[in-house]
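Report on the following structure.
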Amino acid sequence: MRRAIFPGSFDPFTIGHADIVRRALPLFDEIVIAVGINYNKQSLFSLEERIKMIEKAFANEKKVRVQTYSGLTVDFAKQIEARYLLRGVRSTIDFEYEKTMADANRELSHGQLETVLLYASPQYAHVSSTLVRDLHSHQHDITPYIP
Ligand code: ADP
């Protein structure tokens, strides 16, 4: 069973996130979209809203599940028996960050969690949750950026 975890804040889940999941589907038997609960970070969309938005986007996709977690991603990955950690890379900034995280997670999991990175599709490389939150807080239409 090739199970991957796709962790993130997803505040909110964007068309860029959805694109990464769709493109990764042929690689895995199951992808668990794991919405991280960070008690120190104020989110714009509630946990319930974020989950609902993701569930709706993948309602017809049997290989995708949505779960929430708190604590370390490695611990949650172990708990759900996921051996692969899926992430997206938009820029060199993402790359540097993802490299550090991948190295740390491989070490913390004693080699049991392998990070798989997909490059952002060029048409979505500028899309971020931050952009969507900014648009939303200034009463702009966010529908082009969310699935
Ligand atoms: P986190 O708060 O953990 O960085 P995010 O919700 O911002 O979580 O993003 C989760 C993952 O999705 C990260 O690997 C991020 O680089 C990737 N990602 C975000 N936006 C895009 C996009 N437009 N295209 C491809 N990957 C993306």
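Start at 1 and go down the list; that is how both ligands and their atoms are numbered.
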| What's the shortest heavy-atom distance between Ser9 and Arg50, and which atoms? |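 Of all heavy-atom pairs spanning Ser9 and Arg50, the closest is O-NH1, 2.9 Å.
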| task | For His17 and Tyr124, run ring pair (Phe, Tyr, Trp, His ring centres under 6.0 Å): C-alpha distance rounded to whole Å, both residues' side-chain angles, the deciding distance at 0.1 Å, then the answer. | result | CA-CA 9 Å; His17 294 130; Tyr124 303 133; over 10 Å; no
| query | Which parts of the protein, at residue level, reach under 4.0 Å of ligand 1 through a heavy atom? | reply |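 Residues within 4.0 Å of ligand 1: Phe6, Pro7, Gly8, Ser9, Phe10, Gly16, His17, Ile20, Arg87, Gly88, Arg90, Asp94, Glu98, Ala120, Tyr124, Val127.
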Between [X] and [Y], does any side-chain N to carboxylate O distance fall below 4.0 Å?
X	Y	answer
Asp103	Arg106	yes
Arg65	Glu30	yes
Arg83	Glu114	no

| field | Glu107 atom CD, over 12 foreign heavy atoms within 6.0 Å | value |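 No, CD of Glu107 has 12 or fewer neighbouring heavy atoms, counting only those of other groups under 6.0 Å.
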